[in-house]
Amino acid sequence: MMTASVDQQRPDGWQQPLETIDSWLQGRVAGLNAVRRSGLPGAGANLSLNGINSLYATNKPLIVVDGMPFEANEYGESIIANNYTNPLSLIDIKDIDNITVLKDATSIYGAKGANGAIIITTVSAEGRQATKIDAGIYAGFNAAPSNLPVLDATGYRTHLSRMLQSRGMSANQVAAEPYMMDDPSRADYATYHNNTDWQQKVLDNSMSQNAYLRITGGDNIATYGLTVGYMKNAGIVKNTNLERYNTRFNAQFNFTEKLTGIANLGFTYNTQDLKDQGIADKTAPVFNGLVKAPFLTDHILAADGTASPNLEGVDSLGIGNPSTIIEKIEAYNKYYRFFGSFKFKYDINKYLAASTLIGLQFDKIRETYFIPSLGIVKDTLWNDIANNRMGSQVKQLFSLFNDTRLDYNRTFGYIHSINASLGVRYQNNKANQVNVFTANSATDDMVSVQNGLAALRSVGEPWENGTGSTPTWVLTMVLKISCF
């Protein structure tokens, strides 16, 4: 018997094909706070039930998919600034039949359910024998947001003049700076007399595509549900996107009159083209687009104002070129996940049944990035100045899960009933993370970590079950009895 507050949702993924589960739940469940991480495709939302109750431990609810805990936390940090790899983006919302939110799940999952639980049931063909095929193809339009209000070239010069004088420069010294001199005969006049909309240089409208196929059916021996999906969602930050390939196979088998089985198997592959986010002052395109002086432009200009195909470098104010960040920085994330389980149930008699669920989860995340020397503010290492820099990282997670139990259900006189359960639940998670960073390859065309200087190479120590991973946990379920 469930005594906790329960809320059930049935998402219609056919109407919202690009949503992730966590962001879709925003505003739909009382007491569930869903705060979106960013506007990046697939970034999702941070979830908490009934508020924040700990400063140090996690406040996230437990995610359970088809009876097996779903590792929805990122283990180890991304090497791409402020990027979050969202495991829930791997589940196609069209694969979901039902979502049940439990405000308190300690009676079912022990301490891991103290923050509540979100129980997800994916596509099935229970009770269906005729074959049914559903297919959909979608296209969408992503609109870039309106510009944030920032200073134009005239207002920026006024602001800059005050800032320079506050740092000790005299009015004459400020007026002598090339970006303050209003003399069209100067060779650098065209360079410093523009009114560039830098936000439009880094943000743009984009398109999304989605294709999905679902086949369900079976007979009195077995029923099945098979889904295949493809999605590509371009970001509103130029040269960013999320691409996903996913397939899922769920089946129910009647081996004998007493022995039944359930298989739930899913494989997903995500690949993302990314850029640094947030206040990464040297490499985040949106941040640099907001602080870059509008009287400059992104391409080298001749004295007559003719634009060269070559991009400008770092300006005299020490700010990088947002267009270079967009076009030249490379940052990729590739994410694989296999998530599957098998459950067998044997009816010992009409009151007593034994069941076991064996589940396996394997993740692999590979990230790489390259930051060129042109147009990017140089970084300072402990032993050198980094002109260009590169990095690579691999993270892996292996999880084994088992839930074995005996269930007793009996009704007396069509009035009273007794339900009892006794069993054991076991989970073992092993995670590891290895990364390498280096700098100063010979040219910006040599982007791999093996091209950097060996003296500047830094290899992260591999760890297992370290920060961000979940150690082995075993929960022995005591006898639970419910009477009505």
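Heavy atoms only: backbone and side chains are in, while hydrogens, waters and symmetry mates are out. For reference, positions follow the sequence shown, starting with 1.
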Using the ring of Y192 (Phe, Tyr or Trp, six-membered ring only), decide whether R157 places NZ or CZ under 6.0 Å from its centre and within 45 degrees of its axis.
-> no

Heavy atoms of other groups near R28 CZ, more than 12 under 6.0 Å = yes

Side chains of N250 and D95: do they bring a donor and an acceptor to under 3.5 Å?
-> no

D7 side chain to Q9 side chain, donor-acceptor N/O pair below 3.5 angstrom | yes

Consider only side-chain N and O atoms of D104 and T106, and report whether a donor and an acceptor are under 3.5 Å apart.
-> yes

Are the charged groups of D298 and K292 less than 4.0 angstrom apart, N to O?
-> no

Determine, step by step, whether N98 and T100 satisfy the side-chain hydrogen bond (donor to acceptor under 3.5 Å, both in side chains) criterion, reporting the C-alpha distance in whole Å, the side-chain angles of both residues, the deciding distance to 0.1 Å, and the verdict.
-> CA-CA 7 Å; N98 183 65; T100 301; 3.1 Å; yes

For atom CD of E77, is the number of surrounding heavy atoms from other residues, nucleotides or ligands below 6.0 Å larger than 12?
-> no

Can we say K282 and D276 salt-bridge, meaning some charged N sits less than 4.0 Å from an Asp/Glu carboxylate O?
-> no

May I ask you to check whether T268 and N246 show a side-chain donor-acceptor distance below 3.5 Å?
-> no

Stepwise side-chain hydrogen bond (donor to acceptor under 3.5 Å, both in side chains) test for S373 and D444 = CA-CA 7 Å; S373 57; D444 283 350; 3.1 Å; yes

Side-chain donor-acceptor pair present, S341, D66, cut-off under 3.5 Å = no

CZ (R37) with more than 12 external heavy atoms under 6.0 Å = yes

Does NZ in K364 sit with more than 12 non-hydrogen atoms of other residues, nucleotides or ligands closer than 6.0 Å?
-> no

Strictly by modelled atom types, are E327 and N239 linked by a side-chain donor-acceptor pair under 3.5 Å?
-> no

Does the side chain of D183 come under 3.5 Å of the side chain of Y189 through a donor N or O and an acceptor N or O?
-> no

Using the side chain to side chain contact (heavy atoms under 4.5 Å, CB included) rule, pick out the option among N333, L242, N241 that qualifies with D273.
-> N241

Side-chain donor-acceptor contact under 3.5 Å, T306 with D304 = yes

Taking atom types as modelled, is there a side-chain donor on Q427 or S399 under 3.5 Å from an acceptor on the other?
-> yes

Report, as yes or no, whether the 6.0 Å neighbourhood of atom NE2 on H159 holds more than 12 heavy atoms from other residues, nucleotides or ligands.
-> no

Is it true that atom NZ of K238 has more than 12 heavy atoms of other residues, nucleotides or ligands lying nearer than 6.0 Å?
-> yes

Given K94 and N210, is the side-chain contact (heavy atoms from CB on, under 4.5 Å) satisfied, shown in steps?
-> CA-CA 11 Å; K94 295 185 290 299; N210 192 290; 3.2 Å; yes

Which word best sums up how the rings of Y212 and W14 line up, parallel for under 30°, tilted for 30 to 60°, or perpendicular for over 60°?
-> perpendicular

Side-chain ion pair, E19 and R36, N-O less than 4.0 Å = yes

For the residue pair Y336 and F267, categorise the inter-ring angle as parallel (less than 30°), tilted (30 to 60°) or perpendicular (more than 60°).
-> tilted

Hey, can you tell me if F295 and Y156 have their rings parallel, tilted or perpendicular (30° and 60° cut-offs)?
-> perpendicular

Are N195 and D152 close enough that a side-chain donor and a side-chain acceptor fall under 3.5 Å?
-> no

Does CD1 belonging to I137 count more than 12 external heavy atoms closer than 6.0 Å?
-> no

